[in-house]
Asker: 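Take this structure first; my questions come after.
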Amino acid sequence: MPLTIYNSLSRTKEQFTPVKSGVVSLYVCGMTVYSDTHIGHARTYVAFDVIRRYLEYKGHNVTYVQNITDVDDKIIAAANQQGVDPLVYSQRFTLRCLEDLDALGVRRADLYPKASEAIPDMVTMIQQIIQNGYGYVADGDVYFSVEAFPAYGRLSGQNITEMKTGARIEPGEQKHNPLDFALWKKAKPGEPTWPSPWSQGRPGWHIECSTMSSKLLGAPFDIHGGGMDLRFPHHENEIAQAEAATGKPFANYWMHIGLLTINGEKMSKSLGNIINVKDILGTWDAEVLRMFFASAHYRSPPDFSDKALTDIKKGLDRLYRLKERLEQHAAPTPEHKLNASTLNTNENQYLTAITLFQNEFEAAMDDDFNTPKAFACLFDFVNTSNKFFDQQHQGHPALCRHALDTYLKIGDVLTLFQPKATCSSSDQGDVIPALQKILQSCGQTPKATTVDELLNALLAVREDARKHKDWKTADHIRKHLEELGFEIQDTASGPVWRNK
RNA sequence: GGGCGGGUAACAAAGUGGCUAUGUGGCGGACUGCAGAUCCGCCUACCUGGGUUCAAAUCCCAGCCCGCCCUCCA
């Protein structure tokens, strides 16, 4: 089935055809590294992580490039305030920001080109722009002449004459036209500088993306993405610069991610409601956050709230319960060949349901990465699977293996079922004495020393109590185990525990 | 003012010219010692007014309301 992508450039869904069959080049505007990664960044990069994973799922070889803006006004200001060299400062935050995304469980891009390392390429591109008649020099600064580029405004649906109203030339700027933007800025004192034919200075913000994307991915490349806020002026300017310099189309598909709000409000410094990834990971599990971002359609603005995260967490628990249920029944390795003729009616229906699940998931994702629908497919599969097990308690190892593999593969595209980034052993250390204490409170001498053994011992005591209708002891054990984060379920085939 | 995107049940959120979205929550039932899990049923869905159509929440027109961008922003 063909993948369709909503292209911001045409404002329609288009069938996706990469420049080179089987290979996809993806460029996403990355972070300006002057502060920690916040949940708005996380929203965008989880969205692209899913997009990248699905492209790979479809069999494409994806090259994912995400730039690092490490030359910028805000970095210079912050570094100067702390008396640190701006490049040292940005280097520090580059690491911190990438580590934040690691902790969130976002897969790394293939390449993270830095603006500071591509200055000569930018100078070359600016020279080309000037040579081709789209740029001009004014007292050591270089500007892009918007009027020279008739396609300007195509991406954002703006037209130049309308935009002129209201636009202003700041004092000290030598622009010919208020809409013109800087390609190169002559240095002011206290700024990092690089040589250029025009002045010691530094590049304008937009040029780094034009330069690094086309250098690394070619012209044109397949998909260029970023937050919705970058559509204008950043992406509009990127197109103008790159096409003015190379004379070739820049990027074929433009994808813009809906911006996160917090409790219905825009996230901003003035509102003081910026939440850093580092901080929120203390409250919410990385996987809950990823599912929250992944389950919102990428073009919609999700609203971050306690209620929303709580709802997601409960849904995620439901997904995990099925995973565990499948694991209990599945053959350890997928080598068993499934022979449909050996399956009973119930099993055959389930086999069909697995195929249907996969087909519907793909249909959803092929339709412009419709993740809300993909999650609906996942939950439908949970329901179907639970019904299967309710009807057939013994399962079927090879069939369940197949179901589990399919479930995990699809979950993986949606960033689910990933190994936990951190498994603090200190918690484990606290749990053991606590479990021993519960055993003692039931008049038992704890011999076991591992969590597993202790839990089994406790459940055995509890089962014994239940047999004698000693509900007080049974409830006492269950209550204390739940306080320690163990969920106890009495099932037809005996008690089962799982981590909450 | 210009541009972009929305208004769907208690909340969140997909979607389709006629066929159960889904998740969370609430109510009832099955199962349970109880709880949980699981299953089943239910909880006045589609902003307003016109139009097209055998049929529209879905297409068209008008209106009302909301968000975002136009300044740095993922």
Side-chain angles (χ1 to χ4, degrees), chain A residues 8 11 28-32 34-35 37-48 66 69 72-74 77 153 155-159 161-168 170 179 205 225-234 236 256-261 264-269 274 291-292 295-297 299-303 305 307-319 321-322 324-325 360 364 367 370-380 382-383 385-387 389-391 465-467 469-472 474-475 478-479 482 487-492 495-496 498 500:
Chain A
S8 299
R11 263 154 260 139
V28 174
C29 287
M31 290 175 281
T32 300
Y34 72 105
S35 59
T37 304
H38 58 63
I39 56 175
H41 294 121
R43 189 277 183 278
T44 295
Y45 301 123
V46 169
F48 278 111
Q66 194 179 306
T69 299
D72 169 271
D73 290 347
K74 288 188 294 295
L155 177 68
S156 51
Q158 312 267 346
N159 84 50
T161 41
E162 288 288 351
M163 280 190 290
K164 267 188 185 168
T165 340
R168 254 188 222 171
E170 296 291 319
L179 294 174
W205 171 40
M228 201 73 93
D229 53 337
L230 298 182
R231 190 167 176 180
F232 186 86
H234 183 56
E236 194 72 70
H256 291 100
I257 309 299
L259 297 189
L260 184 80
T261 57
E265 287 180 319
K266 183 187 161 173
M267 189 171 78
S268 73
K269 266 198 190 133
I274 291 179
M291 176 160 158
F292 170 68
S295 61
H297 183 86
R299 284 190 279 123
S300 303
D303 187 43
S305 68
K307 155 95 166 84
L309 273 287
T310 304
D311 288 357
I312 289 290
K313 161 80 173 119
K314 287 174 180 167
L316 182 61
D317 281 343
R318 182 165 158 81
L319 297 178
R321 270 180 236 115
L322 176 66
E324 288 158 18
R325 202 169 188 183
E360 300 216 315
D367 181 15
N370 190 335
T371 53
K373 199 168 185 181
F375 272 94
C377 295
L378 215 54
F379 283 108
D380 278 341
V382 171
N383 179 262
S385 300
N386 280 324
K387 274 191 271 201
F389 285 117
D390 284 354
Q391 279 183 269
R466 290 182 73 220
K467 260 180 209 144
K469 296 197 191 300
D470 177 5
W471 310 127
K472 206 181 152 194
D475 290 347
R478 184 172 63 197
K479 185 173 155 254
E482 274 172 0
E487 185 179 290
I488 308 304
Q489 287 172 35
D490 296 317
T491 71
V496 176
R498 61 184 296 275
K500 261 202 261 193

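Below, read A as the first sequence line, B as the second, and so on, with proteins coming before strands; counting in each chain starts at 1.
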Asker: Select base, sugar-phosphate, or nothing to describe what A:His38 touches, counting heavy atoms under 4.0 Å on all strands.
Answerer: base
Asker: Base, sugar-phosphate alone, or nothing: which one does A:Arg318 contact when heavy atoms must sit under 4.0 Å apart?
Answerer: sugar-phosphate
Asker: Could you identify the nucleotide paired to B:U16, looking across every strand shown and requiring Watson-Crick or G-U wobble geometry with both distances under 3.5 Å?
Answerer: none
Asker: Nearest whole Å is fine: how far is B:A10 P from A:Lys307 NZ?
Answerer: 13 Å
Asker: Take A:Lys314 and A:Asp317 through the salt bridge (Lys or Arg N to Asp or Glu O under 4.0 Å) test and state the conclusion after the steps.
Answerer: CA-CA 5 Å; A:Lys314 287 174 180 167; A:Asp317 281 343; over 6 Å; no
Asker: Write down the distance separating the C1' atoms in B:U53 and B:A57, rounded off to the nearest Å.
Answerer: 15 Å
Asker: Has the side chain of A:Arg231 got a donor or acceptor that lies under 3.5 Å from a partner of the other kind on the base of B:C4?
Answerer: no
Asker: Report which part of the nucleic acid A:Gly226 touches: base, sugar-phosphate, or nothing (heavy-atom distance under 4.0 Å, all strands).
Answerer: sugar-phosphate
Asker: For the pair A:Tyr45 and A:His41, name the ring-plane relationship: parallel under 30°, tilted 30 to 60°, perpendicular over 60°.
Answerer: parallel
Asker: Atom CD1 of A:Ile312 and atom P of B:A13: how far apart are they, to the nearest Å?
Answerer: 10 Å
Asker: Which whole number of Å gives the distance between the C1' atom of B:C43 and that of B:C11?
Answerer: 13 Å
Asker: Establish whether the base of B:A74 is bridged to the side chain of A:Arg43 by a donor-acceptor pair shorter than 3.5 Å.
Answerer: no
Asker: Using the C1' atom in both, what is the distance from B:G41 to B:A74, to the nearest Å?
Answerer: 44 Å
Asker: Between the base of B:C34 and the side chain of A:Asp490, is there a donor and acceptor pair under 3.5 angstrom?
Answerer: yes
Asker: For A:Gly30, which contact category applies under a 4.0 Å heavy-atom criterion: base, sugar-phosphate, or nothing?
Answerer: sugar-phosphate
Asker: Just do the salt bridge (Lys or Arg N to Asp or Glu O under 4.0 Å) check on A:Glu236 and A:Arg231 with the steps written out, would you?
Answerer: CA-CA 6 Å; A:Glu236 194 72 70; A:Arg231 190 167 176 180; over 6 Å; no
Asker: Give me the distance, rounded to whole Å, that separates B:U24 from B:G33 when you measure between the P atoms they each carry.
Answerer: 26 Å
Asker: Base of B:G33, side chain of A:Asp475 - is there a donor-acceptor contact under 3.5 Å?
Answerer: yes
Asker: Counting any heavy atom closer than 4.0 Å, what does A:Met267 reach on the DNA or RNA strands: base, sugar-phosphate only, or nothing?
Answerer: base
Asker: Given atom CZ of A:Phe379 and atom P of B:G15, what is their separation to the nearest angstrom?
Answerer: 18 Å
Asker: Please determine whether salt bridge (Lys or Arg N to Asp or Glu O under 4.0 Å) holds for the pair A:Asp470 and A:Arg466, giving the CA-CA distance in whole Å, both sets of side-chain angles, and the decisive distance to 0.1 Å.
Answerer: CA-CA 6 Å; A:Asp470 177 5; A:Arg466 290 182 73 220; over 6 Å; no
Asker: What is the separation between atom CZ on A:Phe389 and atom P on B:A37, rounded to the nearest whole Å?
Answerer: 19 Å
